[in-house]
Amino acid sequence: MSEYTVDEIMCATLAARFRDGDEVCNGMASFIPVAAIMLARRTHAPGLVWLAGAAGLDPRPDRVPASTLEAPLWRDSVMYLEQFSDFWHYAQNGRNLGIFCVGAAQLDMYGNANNSVIGSDYHAPKVRLPGTAGLGDMGSLGKRLFYWNTNHNPRSLVERVDFRSAAGYLDGGDERERLGLGPGPEVVVTNLAVLDFEPESKRMRLVSVHPGATVEQVQEATGFELLLPDGDVPETTPPTDEQVRLLREEIDPDGLCKREAGVK
Amino acid sequence: MSEYTVDEIMCATLAARFRDGDEVCNGMASFIPVAAIMLARRTHAPGLVWLAGAAGLDPRPDRVPASTLEAPLWRDSVMYLEQFSDFWHYAQNGRNLGIFCVGAAQLDMYGNANNSVIGSDYHAPKVRLPGTAGLGDMGSLGKRLFYWNTNHNPRSLVERVDFRSAAGYLDGGDERERLGLGPGPEVVVTNLAVLDFEPESKRMRLVSVHPGATVEQVQEATGFELLLPDGDVPETTPPTDEQVRLLREEIDPDGLCKREAGVK
Amino acid sequence: MSKVKTLEEAVGLVSDGDVVALQNMATQAAPMALVRELIRQEKRDLGLVCLVGGMAVDWLAAAGAIDRFIGAAVSMETFGLCQQYRKAVEEGRVRVEELSETALNARLAAGARNLPSLPTRGLLGTDLIDVNENLKTFEDPFTGETLVACRALVPDVALVHAHRADEHGNVQIEPTIVWPDLGIFPKAARKTIVTVEEIVDSEVLRRNPDRTVLPGFRVDAVVEVPYGAHPTSLHPRYGYDARFHLAWTKVSRDDDATKEFLDAYVRAPATQADYLAAVGGSERLIEITRT
Amino acid sequence: MSKVKTLEEAVGLVSDGDVVALQNMATQAAPMALVRELIRQEKRDLGLVCLVGGMAVDWLAAAGAIDRFIGAAVSMETFGLCQQYRKAVEEGRVRVEELSETALNARLAAGARNLPSLPTRGLLGTDLIDVNENLKTFEDPFTGETLVACRALVPDVALVHAHRADEHGNVQIEPTIVWPDLGIFPKAARKTIVTVEEIVDSEVLRRNPDRTVLPGFRVDAVVEVPYGAHPTSLHPRYGYDARFHLAWTKVSRDDDATKEFLDAYVRAPATQADYLAAVGGSERLIEITRT
């Protein structure tokens with residue numbers, strides 16, 4: 001089996017979720033999702049539609065750039081979508097741009113996200129986070145949310161977010177459905193494991209653990225009780241030699257994903 | 001006194017209403033307003049902002065073109081305003097584009113306009129007119145409406161429009177004010193006279209009659225009783241020799257305004 | 001996966017009864033080749049959405065293809081009213097939902113953004129609200145002011161014509177005036193069919209990404225049709241055909257002459273080349289490309 | 001009548017307490033020369049509106065110029081959180097009205113269109129509605145669906161930076177990504193102040209009317225400020241200054257070091273030329289214009 005690093009298994013896992021013809025957006029400071037998109041487009045999903053930074057359509061950066069919300073990310077784009085009059089008119093419409101890859105400072109057992117404040121008082125926070133930005137919309141607009149987290153720990157994966165700045169499955173069950181919010185969080189890819197949401201309760205569920213990690217470690221690193229799949233918990237499929245080569249030599253030669261994942 | 005034709009006194013009269021720095025839009029098939037705007041910009045109002053056809057900003061057509069909603073109207077524009085995301089965002093805002101020059105198949109004693117249907121049943125009309133287009137908005141958005149009419153007769157100036165496709169002063173008095181609609185119809189320039197709206201009753205009032213016409217002729221050509229100014233009704237100021245020269249030699253050498261006004 | 005189709009295949013995506021958003025601004029930028037194909041395929045009971053419809057609306061009314069019109073106006077501007085459309089409305093064959101421009105934009109923007117309705121101050125005080133079930137007054141949630149709610153409109157298909165596109169359906173225009181046809185119609189519609197002067201390699205579009213006005217992910221079919229907007233204009237490439245418009249105004253008050261005209265220019269020509277030959281060939285094309 | 005002004009005159013149009021809509025997208029296109037002038041003129045109690053605020057927000061918070069922020073996020077992206085802004089919020093000196101992007105766009109579009117509010121489906125189910133008096137749920141007049149009404153926002157002044165303008169205030173950009181800063185901020189604001197890389201003759205703009213993004217009738221002041229967005233980027237002309245951003249992140253956790261930094265780069269330089277010399281002169285400019 002090939003040598004690979006944690007950012008590489010995260011990229012390969014995210015990439016495998018993209019089907020040819022899917023339409024995906026990336027957000028700020030998102031090296032791993034951008035590398036995953038570039039990897040999918042170079043392998044099994046050449047027709048994956050990528051709206052880079054929600055602005056540049058099907059660009060061809062020669063590598064993962066120093067910023068995922070700045071030129072040269074948009075190099076060779078076939079269209080620039082103006083955010084106010086173009087992007088949000090397409091994105092609010094369920095027919096387009098179905099997948100949004102995003103990170104969150106806090107994510108809870110029902111996939112609700114918090115990028116607003118740490119602490120109990122919104123107006124006098126212990127920590128002021130950057131803000132909800134597009135996630136506050138995407139969570140309510142029926143998008144398939146692909147969460148990623150390079151630091152799986154009980155402070156980032158919590159039983160209940162301090163503040164709900166994006167809607168996941170709310171308090172679980174059919175609450176989201178009753179509000180008519182459509183599809184929601186679909187997967188969480190972390191540095192330790194892959195998780196999804198159990199269809200009935202909408203509680204976070206372990207899908208697979210990365211080779212080298214154990215179910216116990218993942219549970220310990222999680223701030224709430226994880227649901228488990230029936231039978232044994234499988235291992236996450238590791239990246240192939242070719243995927244690793246593409247990531248290291250062509251897609252991310254500068255190792256920005258490794259820096260993001262804290263790989264020495 | 002100089003020789004002039006009816007289209008020329010209409011152009012000069014409209015032009016005199018534009019102050020330097022005003023912002024004005026013209027509509028479809030509007031040779032006389034376009035010539036009036038071009039005349040004002042060449043004479044007393046060089047800083048008159050002209051959004052030609054609600055799309056091309058400060059163009060420089062070399063003459064009144066064959067269409068007032070088509071190239072080459074937009075020649076040398078400094079900006080193209082996209083109608084959905086640009087034009088209506090500025091125009092709905094009271095701070096900009098305060099004047100709209102427009103014609104109507106029917107105009108009533110309170111300045112309400114009809115470009116929809118002739119007849120009593122909207123869904124089974126005797127005559128289907130083109131439709132309200134932008135006028136249905138401009139009438140309700142607090143614009144100063146400059147009406148023009150090359151065929152002043154009892155069928156075009158009626159006591160009550162068959163169908164109200166644009167809001168003037170409604171049923172008069174303070175009704176428009178009570179609906180919070182802001183400024184409305186300001187002047188009506190016809191082939192016979194100049195009219196405005198009496199401030200209290202908001203009824204149409206004679207301002208001046210063109211040289212050669214009499215108050216009686218104008219009243220006979222109007223489908224309702226006109227209010228008269230205090231004292232004698234003045235004559236409309238005729239165009240100057242220079243205005244006539246500009247219109248004939250530079251602005252409208254093809255005589256499109258004359259055709260529009262039925263000048264042989 | 002290529003979205004390039006023939007006119008016949010593309011118009012095959014339109015079903016009888018569909019609401020069709022048709023690019024058109026009086027004498028400008030109508031996808032006339034698609035309009036002719038709609039008539040050749042004898043579509044019926046179509047609803048037509050235009051900002052300002054021109055000859056296309058007249059032709060479709062004359063051919064009995066439409067039974068309702070939704071828009072702000074129908075006019076060929078200096079060429080006058082559309083007589084066949086007017087007759088169809090006066091005889092009750094076509095029902096008109098007349099909207100102001102902000103109301104039409106609001107209905108389409110609501111459709112695009114998946115909102116049930118959007119408000120405008122336009123039309124307040126007019127009779128157009130009472131006769132339209134898709135408009136109603138309501139009170140703003142904050143100020144209580146009376147506004148007009150415009151119900152979301154989602155056309156089944158948008159038909160547009162532009163300068164160029166690639167096989168993926170990314171559509172680009174040359175610098176020109178842009179109407180809501182391109183600004184909002186395709187964003188609201190379920191399907192979008194585009195005809196273009198030329199289909200080019202994506203590399204051509206990548207040179208001017210700021211001029212791409214429709215993303216391929218929103219386009220279902222692309223057809224290459226040179227002079228596909230004739231007799232309307234496609235600036236800066238060509239102007240409207242004044243002589244052809246005048247010819248139409250001469251026949252359009254008479255039903256028999258109208259039928260002959262449509263037979264000659266719409267039903268008979270099997271291809272775009274045949275059509276262009278029928279309307280005057282290269283001489284006419286040179287005439288309308290002169291500025 | 002010329003709208004060309006000096007930085008000092010232009011920023012003189014801003015009053016203490018004003019709501020200022022500031023162009024900015026993390027490390028992109030902020031009118032930093034205007035931001036520095038706001039600090040030099042010791043403006044106070046400003047409300048700041050940004051889509052995604054970056055170093056500009058951090059500077060204005062550090063200088064005590066702002067007491068509220070309205071926007072979707074504050075971040076220097078790969079350069080991390082804005083520490084001075086964060087501290088000001090945590091200490092209660094700056095109040096945050098956090099909006100999603102559609103909610104911010106809806107508030108500004110309502111302001112532009114003179115509507116009391118506009119709706120969105122964004123934020124439904126979140127806690128951001130309850131803590132914001134400018135958002136409230138309501139039922140759609142047609143379907144009764146629950147939506148979020150976003151109260152109109154009319155900033156007192158919009159500050160933007162672009163590539164070029166004429167003396168009448170017509171503003172043009174080179175082909176690049178356009179954020180709501182240019183798409184909606186100036187349409188909503190009472191006043192608009194623009195800095196540009198160069199003031200040109202109107203004839204230059206008339207060559208590319210499709211690239212003009214702001215009409216002069218909406219602009220109150222134009223100032224020529226080469227590299228006026230530094231240290232943020234103005235594509236395709238220059239990129240962001242990574243070294244300057246890193247330098248700021250090193251000092252911004254310490255109040256004394258922050259003050260020294262602002263004295264050196266904001267308060268001391270009397271002119272744009274002095275500022276550019278202070279940040280590294282031509283060598284640095286060559287560095288950021290490399291691609």
Side-chain angles (χ1 to χ4, degrees), chain A residues 18-25 37 41 45-62 71-100 134 137-138 140-143 179-183, chain C residues 1-3 105-116 118 152-158 162 164-173 178 180 182-192 194 200-220 222:
Chain A
F18 301 131
R19 278 178 234 81
D20 204 32
D22 280 349
E23 301 167 8
V24 59
C25 299
I37 290 164
R41 283 161 63 93
L48 176 65
V49 174
W50 178 25
L51 189 59
L57 181 59
D58 290 336
R60 295 182 304 206
D62 69 340
L73 176 72
W74 297 296
R75 198 183 118 180
D76 290 347
S77 289
V78 73
M79 176 177 184
Y80 293 154
L81 280 82
E82 194 272 306
Q83 202 254 19
F84 170 71
S85 59
D86 286 331
F87 172 70
W88 279 115
H89 278 82
Y90 292 116
Q92 289 179 81
N93 185 309
R95 294 194 294 282
N96 290 110
L97 303 170
I99 303 175
F100 189 52
D137 292 306
M138 295 301 191
S140 303
L141 293 173
K143 301 300 176 187
L179 281 183
L181 299 187
Chain C
M1 176 210 56
S2 172
K3 291 171 177 173
N105 286 347
R107 289 202 64 198
L108 291 164
R113 297 184 213 164
N114 188 31
L115 294 166
L118 279 168
L153 172 60
V154 178
D156 295 293
V157 55
R164 67 181 73 91
D166 65 15
E167 62 167 6
H168 308 297
N170 298 295
V171 178
Q172 193 166 87
I173 59 170
V178 175
L182 276 171
I184 189 65
F185 283 16
K187 289 166 180 159
R190 287 193 182 84
K191 282 179 268 178
T192 296
V194 184
V200 298
D201 190 279
S202 301
E203 297 309 309
V204 176
L205 304 190
R206 291 180 192 274
R207 280 181 222 135
N208 299 98
D210 58 311
R211 291 183 178 169
T212 304
V213 291
L214 286 181
F217 63 71
R218 207 74 188 78
V219 171
D220 300 89
V222 186

Once rounded to the nearest 0.5 Å, what's the spacing between atom CZ of Arg218(C) and atom CG of Leu97(A)? 9.5 Å
Hey, is the main chain of Ala112(C) close enough, under 3.5 Å, to the side chain of Asn93(A) for a donor-acceptor pair? yes
Rounded to the nearest 0.5 Å, the OH atom of Tyr90(A) sits from the CG atom of Leu214(C) at a distance of 5.0 Å
Given a strict heavy-atom distance threshold of 4.5 Å, which part of Asp166(C) is in contact with chain A: side chain, backbone, both, or neither? side chain
For Ser77(A) versus Pro209(C), what's the shortest heavy-atom pair and its separation? O-CB, 3.4 Å
Heavy-atom closest pair, residues Asn96(A) and Phe217(C): ND2-CD1, 3.1 Å
Chain A contact via Val204(C) - side chain, backbone, both or neither, heavy atoms under 4.5 Å: neither
Quick check for you: among Glu23(A), His89(A), Arg75(A), which has the greatest number of heavy-atom pairs under 4.5 Å with chain C? His89(A)
Has Thr212(C) got a side-chain atom pairing as donor or acceptor with Val78(A)'s backbone, closer than 3.5 angstrom? yes
Does the Lys187(C) side chain pair with the main chain of Ser85(A), one donor and one acceptor, at a distance under 3.5 Å? yes
Largest heavy-atom contact set with chain A, pairs under 4.5 Å, which of Arg211(C), Arg190(C), Gln172(C), Met1(C): Arg190(C)
For Asp210(C), which atoms come within 4.5 Å of any heavy atom of chain A: side chain, backbone, both, or neither? both
So, Arg95(A) side chain and Ala189(C) main chain: donor-acceptor pair closer than 3.5 Å or not? yes
Taking every non-hydrogen pair under 4.5 Å, which of Asp20(A), Val49(A), Leu51(A), Asp76(A) racks up the most with chain C? Asp76(A)
Indicate yes or no: at least one non-hydrogen side-chain atom of Met79(A) is less than 4.5 angstrom from one of Leu205(C). no
